[in-house]
Structures are given as C-alpha cells and as structure tokens.
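In what follows, chains are A, B, ... by sequence order, proteins preceding strands, each numbered from 1.
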Number of protein chains: 2
Amino acid sequence: MPGGRPRAFDADIALDRALEVFWRQGYEGTSLSDLTAAMGVNRPSLYAAFGNKEELFAKALDRYVSGPGAFAAEALTAPTVREVVRRLVEGAVELTTGANGPGCLSVNSVHACGPDSAAAREAAIACRRAGEAALRRRFEQAPDLPPDCDPTVLARLVHTVTDGIAVQAASGRTREELRQVADLALRTVLGELKDIPEPA
Amino acid sequence: MPGGRPRAFDADIALDRALEVFWRQGYEGTSLSDLTAAMGVNRPSLYAAFGNKEELFAKALDRYVSGPGAFAAEALTAPTVREVVRRLVEGAVELTTGANGPGCLSVNSVHACGPDSAAAREAAIACRRAGEAALRRRFEQAPDLPPDCDPTVLARLVHTVTDGIAVQAASGRTREELRQVADLALRTVLGELKDIPEPA
DNA sequence: CTAGTTATGTATCGAACGGTATGAAACTAG
DNA sequence: CTAGTTTCATACCGTTCGATACATAACTAG
C-alpha cells in the first residue's frame, strides 16, 4: 500500500547545503528563504523532511560534529596528551579558516542569543559540553599528566583556546596568522607538560 | 530662534539601556521593539536621537569599549608584560561573567553574520583590531620580552585566550570555573616569560 | 500674544519573517 | 485501470521586522 511520489532531492545533500548556510550566516542570520534557495527544496518539502528551522539546525549541527568537526573526536585517540592537544588546536585552525568558514558553527551558534534562538543556542551549548566532557575524560585517564594539573581545568583551557581561534577566524584572521598563534599556544600551554615522557 | 520641546529622556542613560540589550541579546537578536521598550523611548525619538539600528549599535559599542571594556586599555599601562597579560585575562573573566553578561559584546557581535548585519559585524571587527593593535604596540616597546617571542603573535595569542574566555562565558561557564582556567592559562602562557625579570 | 522649532505619541508603511493550506503530480499495490 | 499514499509547487496565513508620516505638545525668541 505504501509508495508515494519519490523525493526530488537527496536529503543528505540538502542537509549539507543547510549546514553550509548556517555556518556562513549563523542561525539568526539565516532565513527559510536562504535555506530553501541553497537546498533546492521547496518550503513545504523542507518542513516535511526536517521539521522546522530549529530541528533542521539541530540536524545540521549533528552533521557538523560528525563531518567537519570529526577531527576533534579523532584527536582524543592520540597516544599522548601533548599530541591530543596539538591535534585539537591545529585542527581548529584548519577548520575555522576553511572554505566554508570562516569560523566554527558551534561557536557561532552560542552567540545566537535572541529570544527566538534559545533552542539553537542550547543545542550548540549541549554539543560543546559533550565535546569538552570527552576531552576531560581523555585527560582523566591519561598517565602522562603532571599530578598538579587538574584534567578538568586543562580540558577547559584547551577548549578555551580553540574557541578563541574560532573567534579570531571569524574576525578575519588568516590561516597562516592563526597557525603562528597555534604554534605559540602549543609551546606555552604545553610548556608544563613538555618534560613528561610519553606513557608506556 | 532655537529651543523646541525638550527631550523626555536622557540620551546617555538610554544608550546604556541599549547597550545592555545588545549585550544580552546580540545585534541580530535585538529588535527595535526590544530597544524602545528597554530605553523608554518612542521609535521616532530613537531614530531622531541615534540614527538607525546600525548607528545605535555603533554608539553602544563605543560606550562598551570606554565603559565596561575600559579595563583592557588600562591594562596596557601595567609595568610588565606579565602584569599586562594578567590584567587582560583576569579582566576578561570578570567582564564576561558579570551581571550584564554572560559574554562579551564585541565577541558576540563578530558572530552576527547574517546579510543585514554586515555593518555591525564590521564595527565589532574594527574595534577588536584596534584593541589588538594597541596590545601589539605595548609588547613591541616592551624590554622584557624574550627575543624569540614575536610581539605580534603574542598579542594575538593573548587576544585569542580572552576571546575563548568570552565564548566559554557565553556557554554558561561560571566565574569561578573561568578563574581556574585563567589561572592555568597564565601559568602556562606566561611560562616562557617567567624567568624574565621586570625592566628597570 | 504669535512664529518658529524640536520632540512626542499614534498609527502605519512595505517587506520579510516562520510556517501552512490546498490541490495537482508521481509513485505503489491490487 | 483504480485506490491509496507521499511529495511537489503555488499561493497564502498572521506576525513582526526596520523605518516613517502626521498631527500634536512643549519649548524659545521676539
């Protein structure tokens, strides 16, 4: 009995287009007309496939985390704390100065603080907290941390630096400029760790 | 021949109210109705006194820099590089976790990246570049920098850390949590400077 | 007093907002 | 073929957006 008229668009591709628009223009700065134009999907089809603007944003954010932002989860598998941090900071530079950018979708969306953007902002905050918690757990079980270094605070500091890189990228800093910043950050932030040998 | 009906509101107080709203809700998230309600000013009076929404924002941003953000300029007068950085980072924590916040108006506004927010975003970027340039000049004429430390890159790194603090505050981190982050940042970022004595 | 000037309050402008009703089109099952 | 189901395309919903026209009120200069 089922069947029905087939879709005239690929939902995954359309979601990627929506992600690009949200990334470039922010949640509040993106209208449904912007989305339908970029996705090549009519308005009722968009609502049927993705719910509403809030739900579409949440799905785009998921895709962001598992796509362009996947380096962050992968960085946690590095063997040493130093390497984890290096991959995160350098990955943040590459991500936020890439072709889609500039900036980071989740950092952007934290600043969608208007009255109609609460859901989007909280989705971004939740996604950020999850990432930071994963980093903290990675540090907690690391044998190569100095005993006086609180893994929770270190995770927050690393996250703070990558957040700052995203802001700098959104402000127009180039990839080369931010690579210099990342290098200096790694030399200094990791200064306290540099004499800790890699674990067995 | 002049004269005319006197104002029923204080323009400076109204501008402070506008600043509060922009700070809390962002440029894109703030409507003229929000502004007139908070400022206690009718719409035509607002336009007569402040131009339009973009110009009002620019004036609010100026007031932000010379008011709540004045600590940043004052920090540059500290006698040592270490103290300059310490005041900037700790000041960023206090500013972005204050009663008006959370967050930083200029960092927020960089992420107003919709099509109708170009003027506001560029005003924020210009204000950020000016601040960073002042910090760079402060470092360039500092005798207490290691010779291998580029003052331009150090200024960008410090700015990156304060930006990150603002993002963290906007994400809900408390003042106490961010003070811990600031402490760790100062111990690590300034680790390379710690053996440099204060200048004569 | 009157003339001139500026601000105020109301009521609205056209455009764009997020979201939908409606009916035709395109498919599958029988 | 027909019946049932799903999507598509158009046109539209009420609301809100930033920005103004207009008439009145409150002041100063003469």
**Request:** Ignoring the backbone of B:Ser45, work out which of D:dC8, C:dT8, C:dC27 is nearest its side chain.
**Result:** C:dT8
**B:Thr160 versus B:Asp163, side-chain donor and acceptor atoms under 3.5 Å** = no
**Message:** I want to check one thing: is the phosphate of C:dT8, taken as OP1 and OP2, less than 4.0 Å away from some side-chain N or O of B:Asn42?
**Reply:** no
**Asked** What nucleotide, of D:dA9, C:dC27, C:dG9, holds the atom closest to the side chain of B:Pro44?
**Response** C:dG9
**Cationic N near anionic O, under 4.0 Å, A:Arg129 to A:Glu132** = no
**Message:** What's the closest nucleotide to the side chain of A:Tyr47 if the choices are C:dA26, C:dA7, C:dG19?
**Reply:** C:dG19
Can you check nucleotides 13-17 of chain D for protein contacts, nitrogen or oxygen pairs under 3.5 Å, and list what you find?
| from | atom 1 | to | atom 2 | distance (Å) |
| --- | --- | --- | --- | --- |
| D:dC17 | OP1 | B:Ser31 | OG | 3.3 |

**Prompt:** Going by an N to O cut-off under 4.0 Å, is there a salt bridge joining B:Arg179 and B:Glu90?
**Reply:** no
**Item:** Side chain of A:Pro6 - closest among C:dC27, C:dA7, D:dA19
**Value:** C:dC27
**Item:** Closest nucleotide among C:dA21, D:dC8, D:dT20 to the A:Arg7 side chain
**Value:** D:dC8
**Prompt:** Would you call the rings of A:Tyr64 and A:Trp23 parallel, tilted or perpendicular if under 30° counts as parallel and over 60° as perpendicular?
**Reply:** perpendicular
**Test side chain to side chain donor-acceptor pair (under 3.5 Å) applied to A:Gln180 - qualifying residues, sequence neighbours left out** = none
**Request:** Report yes if the side chains of B:Phe139 and B:Val85 come closer than 4.5 Å at any heavy-atom pair, otherwise no.
**Result:** yes
**Request:** For B:Glu28 and for A:Ala48, locate the closest nucleotide of DNA chain D by heavy-atom distance; then report the residue assigned to the nucleotide nearer the 5' terminus.
**Result:** A:Ala48
